Amino acid sequence: MELRKDYFADVRKDGLNEIGQPRPRLDSPGHVTGKTAYFADRNFPGMLHLKMVRSPHHHARIRSIDTSEAEKHPGVVRVLTAKDVPHNIYTILILIQVGPEDETVLADGKVRWKGEAVVAVLAETERAAQEAAAKVKVDYEVLPAVFDMEEALKPGAPLVNEYHGQNYYLYDSGECRKVRFGDVEAGFAQADHILEQSYQSSPIEHAPTETTGCVVAPEGNDRFTCYTNTQAMFFTLDNASIILQMPGSKLHFVGGTVGGGFGGKVDVIVEPIAILGAKLTGRPVSFVYSREEEMQISSPRAAEKVVIKDGVMKDGRIVARKVTGYTDAGAYSRHSPYGAQKGAAHYPGPYTIPNVWIDTYCVYTNRTPSSAMRGFGVTIGDFALEVQMDKLARLIGMDPLEFRFINAYRDGDMKAHRQPTEGAALIECMQEASRAANWPVAEKYMAMSSYRKGA
Amino acid sequence: MAKVPVQFTLNGSENAEFIESGTTLLNALRDKIGDTSPKGGCHQGTCGACSVIIDGELKLSCLTLAETCNGADIKTTAGLAEGGVLHPLQRAFLDAFATQCGFCTPGMIMAAKVLLDRTPNPSREDVVDALSGNICRCTGYEPIIQAVLVAARANSRTAA
């Protein structure tokens, strides 16, 4: 496949030193010799093991917590509850002013999803920590739970998260992120055909081979070194600093080596409580998710629902598109308000449509909090949009690739969220795809350019 | 808890440790001896990241009790390079971009080594079969399969 110099002539230079050359990965020699140091490869004398007592209920009030039997268990060094955490309520994106703080480090009076952390047990061995965790008695009053986004948005649905006050994230634009461009109803009135379809996805687990975790070592100078596999080093450092009410200068984070992440390790989950454990015991602490926790507890890609209504002309032009997107955040925000917002910007797809209406909701349910995963906020949307494009092409009896040529955005087109299109290259990509896949299209499409010449 | 003595050869060196009865070989290697090349991905025998070679057989060290390894000859990826020279499998994994996050790599290399020790000229199907107990979440397996085939060809050239 050739680089399309006719299109990229002014943006891509010839004679590049690195591009197009095979270069060895810097980390591979460590990988093939087993020398790469992952966080769990750090072992310290006297290291304690942290195990979490988790909620067996989707939604419940905590009447009481009794840790007395667990504390007496041989090998147990310390048991932590909400009152031990200096600033127990947090939200990751507060660092960029996306609040309110809505999630507890350890449950305080209430649990909102099955698996929520309630009590942390620190013991000399993993086994002792596990056995003691089983002896913690939590008295729950089970509350009604809601698992479906549309149910959650109905009046009278159980309130998932009191810090929000309603089962959706309140943007500055209101109950959802909104994009309004042209007059979508006028577009539908003008259309030859209208197609409305609904697309849904389930949560997806990242399943990295290395589970989430960290090892924390107290240093002699009142500082703590945290070896972690976080994908978000500075989010984690800054949130740990807030949660622990400890200046960042007391926290030394060592990471960058991640045994698979895929977005699943951007939440601030294990580090703050492990650092707190190290601080309160004066001992190194290891907190590593079991494989079961990785699958059940770590945040998945959000479940989404996308409803797309398109108005299309017989000649192939899409004249109106209305999209309502729902992102299931689970019980807490984490990165989902941002994910839903990305969807709002993305939903027209790489197409120029004169009349667009988009609403995207970030919805709270009593499900496992969801978060980042590979293009979150747009990946499921792209699935929905491109299936919709195929259905539209079929509806008007047009080749699906030619249908996309007709609607492809080109340089200078105004996008629905009012960013002018630059460097689109979509026409050129589809021309190459047409050749590579041996899927011929009419000559007039092969003669097109992302530049609107003469326009 | 009662400790039991265990003695085995690891990558050619004698090791003797007192361990708690019930300790897995994976934990003994990593926490006692300090060979962290076998990785704990699942601790339940499903991912293959902890694979080691015991008396020539591919074994999951997370499901092997250390106390059953008395007198055994154990090999891990950490001991594969000789005198600083990479084993052909290690070289091939490097050259074929068969590593990404690297967490599954030591286990993959162990599984591939047992295959090549027994079947110096494996077919693609042999390679797929030999690696079927090792999960890689990054690469999609294809570069790993290619690396093992490249290493096999390098081996047969050396032998010829």
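Letters A, B, ... are given to chains in the order of the sequence lines, protein chains preceding strands, and every chain is numbered from 1. Fair warning: this is a prediction, and the values are worked out from it, not measured in the lab.
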Which atoms of A/Pro29 approach chain B - backbone, side chain, both or neither, heavy atom under 4.5 Å: both
Atom pair OG1 (A/Thr33) and CZ (B/Phe93), whose distance is rounded to the nearest 0.5 Å: 13.0 Å
Check against side chain to side chain contact (heavy atoms under 4.5 Å, CB included), A/Arg291 and B/His43: CA-CA 8 Å; A/Arg291 177 52 54 184; B/His43 298 274; over 6 Å; no
Spacing of NE2 belonging to A/His31 relative to OG1 belonging to B/Thr99, to within rounding of 0.5 Å: 4.5 Å
Contact origin within B/Gln100 toward chain A - heavy atom pairs under 4.5 Å: both
Atom group of A/Thr36 that falls short of 4.5 Å from chain B, counting heavy atoms: backbone
CZ-OG1 distance between A/Arg127 and B/Thr23, expressed to the nearest 0.5 angstrom: 10.0 Å
Contacting region of B/Leu86 [heavy-atom separation from chain A under 4.5 Å]: side chain
Contact origin within A/Arg23 toward chain B - heavy atom pairs under 4.5 Å: backbone
Contacting moiety of B/Cys47, where chain A heavy atoms sit under 4.5 Å: neither
Any donor-acceptor N/O pair, A/Arg25 side chain to B/Phe97 backbone, under 3.5 Å: no
From A/Thr125 atom OG1 to B/Asn27 atom CG, the distance as rounded to the nearest 0.5 Å: 11.0 Å
A/Glu292, CD: over 12 other non-hydrogen atoms inside 6.0 angstrom: no
Within residues 260-283 of chain A, residues adjacent to chain B where the heavy-atom gap is under 4.5 Å: A/Gly260, A/Phe262
Flag, side chain of B/Gln90 to backbone of A/Val32, donor-acceptor distance under 3.5 Å: yes
B/Arg30 side-chain N/O to A/Asn43 backbone N/O, donor-acceptor pair under 3.5 Å: no
More than 12 heavy atoms from other groups under 6.0 Å of CD on B/Glu82: no
Heavy-atom closest pair, residues B/Cys101 and A/Gly259: SG-C, 3.4 Å
Proximal to chain A - members of residues 69-78 of chain B, heavy-atom separation under 4.5 Å: B/Thr77, B/Ala78
Other residues, nucleotides, ligands: >12 heavy atoms within 6.0 Å of A/Leu26 CG: no
Atom NZ of B/Lys32: over 12 foreign heavy atoms under 6.0 Å: yes
Which portion of B/Leu94 sits near chain A, non-hydrogen atoms under 4.5 angstrom: both
Exercise: identify the closest heavy-atom pair between B/Phe103 and A/Tyr38: N-OH, 3.2 Å
